[in-house]
Amino acid sequence: MNFQKSRRVRGGTVMTVIFHTLFLMIVYLLQAHVLPFVNALTTIPLVLPLAAVAVAMNEGGARGAVFGLVSGALCDLSFHKPIAGFMLLLCAVCMIIGVLSDTVVARGFLSYLFLCVATLMLCGLAQMFALLVFEGAPFYALVMAGVRQGLVSLPFCIILYPVARVMDKRAVRDYSS
Amino acid sequence: MKAFVTKRNIAILVLALLIAAVAVVSRSTRGDPGFITNGANALTNPLKRAAASLAHTFETIYGYMYKYEQLMEENEALKEQISALRQEYREITEVTEENKRLHELLNLSARHQDFVLDAATIMDWSASSYSSSFVINKGANNSAAKTGDAVITETGVLIGRVTEVRAAESVCVSIIDTTFSAAVHIGERGAEGIASGDFELMRDGALRLANISDDTIVLAGDAVVTSGRGRKYPDGLVIGTVVSVRRDEAGIGMYAVIQPEAQIRDATYCYLVTEFTEQ
């Protein structure tokens, strides 16, 4: 496959950046102030990383990393933790996803779903690391908590992906070199 | 004159006189107005009824249009009254709740006169499923909050501990968080132990009383209160009640499950114990 030829370039309009930022802000408000009171399967859904993945798929590597950084910082804030762990994690993850979506990964819903599952697994591992290593929490319980979190979070993909795609439509251009 | 006195005019006059005579005679003799009058009434009754019905309809429409506006105005006035009453009811309810809290706080202050309390409001809860923490509206700039301060309800029930003090807010972990631990007395026998958060029990909103020794008797229903040992928390703060005693995963020792006394997730108002006298 000739990646050079089929490279997609983002339109880079200011409006798209503003839309995506607003999108992440709204999802953050949902994550921090609404979902903590939703107790499905005794677990709180984690939707901010899913929104970051959607934006990264549309925006590409560099911008995806920036949005991942912002989303990660917001995640840390919603977890009442210092802005470090999730910021770094989502920055790296979104950069990788952005590059992949620019090159080998099709920008469809199934790809998005697969990437969300992978992201949620990484987020779960990040959250359970300290509990596993420093507090000796049982591994099985931590893994089951991660699985439950994934199960209650994935349905939000159905809403987040179309919204992110609609915001991106006006900015994407295909060109051949 | 000749124009008036014609055969036709005379015939009409005579007819009229006859009809009148019949009516008079009939009235005098039988008491009714006579067959001619009755017949005329019978012919005109339908018309009369139709006219009356039409008049009634117009009256109804007019009344409807006129009264509709009156009803609309009355309706608006009543809605405003209801809105004002609802607002008043809400204010009264809030004041009543606050009164109740302050009464409880007064009781608490009477029981723990050494406490220096700072009222706070819980602003939000952590969005993580792996921890249980909340943020209160007291920080370095607006209170004497410091890391390690106990967070209690107005009835003296421990619900958390301050872990991070920011400028205008502080982060607290709740008693079911895995990072929480406190030295406690158990039941009336005064047995001692350590109550701590447990990841598996956190899902159920409970915490763990770990490492119960063989000579410690712990029964379901025993109250768990802070003992003040280690000078982390004041003594006498209620944590919860033992609901069950179980064997631990290794099968060697026992632990108890403590159900918190307070509905932690439902709490809105709390108090920081910024100072207390160690017993």
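The model shown is predicted, which means the values in this text are computed figures rather than measured ones. Chain letters run A, B, ... following the sequence lines, proteins first and then strands; every chain starts at 1.
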| message | Heavy-atom count check: over 12 atoms from other residues, nucleotides or ligands less than 6.0 Å from B/Ile217 CD1? | response | no
| message | Is it the case that atom CE in B/Met123 sees more than 12 heavy atoms from other parts of the structure closer than 6.0 Å? | response | yes
| From A/His80 atom NE2 to B/Cys172 atom SG, the distance as rounded to the nearest 0.5 Å | 9.5 Å
| said: Under a 4.5 Å cutoff for heavy-atom pairs, which residue among A/Cys75, A/Pro45, A/Gly124, A/Ala141 has the most contacts with chain B? | reply: A/Ala141
| message | If I take atom CD1 from residue A/Ile44 and atom OG from residue B/Ser126, how far apart are they, to the nearest 0.5 angstrom? | response | 6.0 Å
| Do any of residues 195-208 of chain B come closer than 4.5 Å to chain A, heavy atom to heavy atom, and if so which ones, in number order? | B/Phe199, B/Glu200, B/Arg203
| chain A contact via B/Val171 - which portion, at a heavy-atom distance below 4.5 Å | side chain
| task | Give, for atom CG of B/Asp124 and atom NE2 of A/His33, the distance between the pair rounded to the nearest 0.5 Å. | result | 5.5 Å
| query | chain B heavy atoms under 4.5 Å from A/Gln31: which part of the residue, side chain, backbone, both or neither? | reply | both
| request: Using a cut-off of 6.0 Å, state whether more than 12 heavy atoms not belonging to B/Lys146 lie near its atom NZ. | output: yes
| Side-chain (B/Tyr130) to main-chain (A/Gly146) donor-acceptor, under 3.5 angstrom | yes
| query | Of all of A/Thr43, A/Val34, A/Leu131, A/Leu48, which one pairs up most often with chain B through heavy atoms under 4.5 Å apart? | reply | A/Leu131
| said: Is A/Phe134 close to chain B through its backbone or its side chain, or both, or neither, when contacts mean heavy atoms under 4.5 Å? | reply: neither
| note | Applying a strict 4.5 Å limit to non-hydrogen atoms, the region of B/Thr163 in contact with chain A is neither
| message | Quick check for you: to the nearest 0.5 Å, what is the distance between B/Trp125 atom CH2 and A/Ser78 atom OG? | response | 15.0 Å
| field | Heavy-atom contact with chain B under 4.5 Å, split by part of A/Met128 | value | both
| query | Is there a donor in the side chain of A/Gln127 and an acceptor in the side chain of B/Ser128, or the other way round, less than 3.5 Å apart? | reply | yes
| Which atoms of A/Leu142 come close to chain B, meaning under 4.5 Å heavy atom to heavy atom: side chain ones, backbone ones, both, or neither? | both
